[in-house]
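Quick caveat: nothing in here was measured; it's all calculated off a predicted structure.
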Amino acid sequence: MSAVIPTLDIRRYDSDRNGFVAELGAAYREWGFAGIRNHGISQADIDGAYAVFKAFFALPTEVKMQYHLAGGGGARGYTPFGVETAKGSQYPDLKEFWHIGREIPRESSYAQVMAPNVWPAEVPEFHARGYGLYQALDGLGSRVLRALALHIGLPEHYFDDKTHFGNSILRPIHYPPITTADVPNVRSGAHEDINLITLLVGASAQGLEVLSRKGEWVPFTADADTIVVNIGDMLQRLTNHVYPSTTHRVVNPPGAAGREPRYSVPFFLHPNPDFIIDALPSCISADNPNRYPQPISAHDYLQERLREIKLI
């Protein structure tokens, strides 16, 4: 495979299932990343969501800070600049963001670890647009997981009842213009994602780079109609590193491009909080012994990782 991250047409899951599953699985085993096009989420819905997110980030800081929930680990609402820091990084990322979570009945057994959403009153369509995109990406993520399950050798619907109450997060992000050449921070430091898979809407802007198996940083600037879907650490752990969670970053673009703001919207698809992450037997062999003999719940693993990146 050349140093180009593949982009696949997800409609082939219905018309050429075996071929699509084989190519998707190969991309994930090599890169941990793939582009997905013809995903069925309209550009109008994506643009509408971006418009309300940009409207929120344009509000005065004192207004945005009303939605910063101290002690919540950034699980819902607003997280300001200078908080999240990539594991091992000396400097915080150059970004502010908002978190939208799953809306569940408050009598649910998951309610104690999945807080209710908050919505900015100053942007009237934020709720409808934001949660509409959440639901669309949740559905697309389930389709990708079904294809991946088949490549792993699991039943097609293996993940369905393990993610239907997943503690998944939609994260609109604003990276501000970079106005000085000597800033030591990058927009998002080199990291791996925590969750099962991440779906990124808006990778058409410059800056996303993926670390190849050869140790080279490969830019991934997707076409506007493409959603980037990558493996997270929970799936890497579940598959005993057969499907790697690849290091990636968002670098500061040179010249005039760096003086423009950047927006992106990743959807972090998580399993249900009580799902036990235990390496699949089919992914354990003499050549690849179990790296994680101690299982852990998805919620406990999430808490460990949030502490590492200084959100809690």
| message | Is the terminal nitrogen or CZ of K54 (NZ for Lys, CZ for Arg) located under 6.0 angstrom from the six-membered ring centre of Y50 and within 45° of that ring's axis? | response | no

| Heavy atoms, side chains only, cut-off 4.5 Å: are W98 and V265 in contact? | no

| N240 side chain vs C283 backbone, donor-acceptor pair below 3.5 Å | yes

| request: Would you indicate whether the side-chain heavy atoms of L148 and L235 approach each other to under 4.5 Å? | output: yes

| task | From the options E96, H68, H99, Q66, select the one residue that forms a side-chain hydrogen bond (donor to acceptor under 3.5 Å, both in side chains) with Y78. | result | E96

| query | Considering only heavy atoms from C-beta outward, does the side chain of S264 approach that of L200 to under 4.5 Å? | reply | yes

| request: Determine, using the 4.5 Å side-chain heavy-atom cutoff (strictly less than), whether Y110 and F268 are members of one ILVMFWY cluster. | output: no

| message | For a 4.5 angstrom cut-off between non-hydrogen side-chain atoms, does R143 reach I36? | response | no

| query | Take atom CD in Q135; do more than 12 heavy atoms of anything else shown fall under 6.0 Å from it? | reply | yes

| task | Taking the side chain as every heavy atom from C-beta outward, state whether R29 and V242 have any pair of such atoms under 4.5 Å apart. | result | yes

| message | Ring-plane angle category for H174 and Y263, please: parallel below 30°, perpendicular beyond 60°, tilted otherwise. | response | parallel

| If every non-hydrogen atom of S245 is compared with every non-hydrogen atom of Q236, which pair is closest and at what distance? | N-OE1, 2.9 Å

| message | With rounding to the nearest 0.5 angstrom, report the CD1 to OH distance, I100 to Y131. | response | 9.5 Å

| query | Under 6.0 Å between ring centres, would you say that holds for F56 and F53? | reply | no

| message | Rounded to the nearest 0.5 Å, what separates atom OG1 in T247 from atom CG in N230? | response | 11.0 Å

| field | hydrophobic_cluster_shared for V218 and L211, side chain cutoff 4.5 Å | value | no

| message | Side chains of Y243 and H151 only: does a donor on one sit below 3.5 Å from an acceptor on the other? | response | yes

| task | Over all heavy atoms of both residues, which pair between H39 and I10 is shortest? Give the atoms and the distance, please. | result | CA-CG2, 3.9 Å

| F33/T198 under side-chain contact (heavy atoms from CB on, under 4.5 Å): CA gap, chis, key distance, verdict | CA-CA 9 Å; F33 270 75; T198 300; over 6 Å; no

| query | Hey, any chance I104 and F275 share a hydrophobic cluster, counting ILVMFWY side chains that come within less than 4.5 Å of each other, even indirectly? | reply | no

| field | L306 and I194, any side-chain heavy atoms less than 4.5 Å apart | value | yes

| Salt bridge or not for R249 and E209, using N-O below 4.0 Å? | yes

| task | Enter the distance from T163:OG1 to D138:CG here, rounded to the nearest 0.5 Å. | result | 7.0 Å

| request: Inspect the contact between D45 and R129 and indicate whether a charged nitrogen and a carboxylate oxygen are less than 4.0 angstrom apart. | output: yes

| field | Non-hydrogen atoms of M234 and P271 that approach each other most closely | value | SD-CD, 3.5 Å

| field | Distance in Å, W119 CH2 paired with Y67 OH, rounded so as to fall on 0.5 Å steps | value | 12.0 Å

| field | Same cluster (ILVMFWY, side-chain, under 4.5 Å), F57 and M65 | value | yes

| said: Within a 6.0 Å radius of atom CG on N18, are there more than 12 heavy atoms belonging to other residues, nucleotides or ligands? | reply: no

| If you look at every heavy atom in A147 and F20, which pair is closest and at what distance? | CB-CE2, 3.9 Å

| said: Please evaluate residues R76 and M114 with respect to the criterion side-chain contact (heavy atoms from CB on, under 4.5 Å), reporting the C-alpha separation (whole Å), side-chain torsions for both, the decisive distance (0.1 Å), and the verdict. | reply: CA-CA 9 Å; R76 301 291 185 269; M114 293 169 63; 4.0 Å; yes

| request: Taking all heavy atoms of N272 and all of D161, pick out the closest pair and write down the distance. | output: ND2-O, 3.2 Å

| task | First locate atom CZ of F159, then atom OG of S142, and finally report the distance between them rounded to the nearest 0.5 Å. | result | 10.5 Å

| remark: Shortest non-hydrogen pair, E192 vs R305, comes out as O-NH2, 3.5 Å

| task | Could you check L145, I227, V201, L269 and say which one makes a side-chain contact (heavy atoms from CB on, under 4.5 Å) with L140? | result | I227

| message | I'd like to know if the side chain of T246 and the backbone of W31 have a donor-acceptor N/O pair within less than 3.5 Å. | response | yes

| said: Testing D300, I277, L238, I276 one by one against P295 for a side-chain contact (heavy atoms from CB on, under 4.5 Å), which residue passes? | reply: I276

| query | Where do R12 and L24 land on the side-chain contact (heavy atoms from CB on, under 4.5 Å) test, with the steps shown first? | reply | CA-CA 11 Å; R12 291 177 53 219; L24 183 75; over 6 Å; no

| Please walk me through it: do N195 and I169 pass side-chain contact (heavy atoms from CB on, under 4.5 Å)? | CA-CA 10 Å; N195 39 290; I169 292 290; over 6 Å; no

| Side-chain heavy-atom pair N288, R291 within 4.5 angstrom cut-off | yes

| With a 4.5 Å heavy-atom cut-off, do Y158 and L280 have their side chains touching? | yes

| task | I would like to know whether Y292 and H241 meet ring-ring contact (aromatic ring centres under 6.0 Å, His included); could you show each step before the answer? | result | CA-CA 10 Å; Y292 304 102; H241 289 234; 5.6 Å; yes

| In terms of side-chain heavy atoms, does Q112 have a donor or acceptor partner in H299 at a distance below 3.5 Å? | no

| L199 with L8, same ILVMFWY side-chain cluster at under 4.5 Å | yes

| field | Atom pair CD/NZ of E122 and K64 - distance to nearest 0.5 Å | value | 11.5 Å

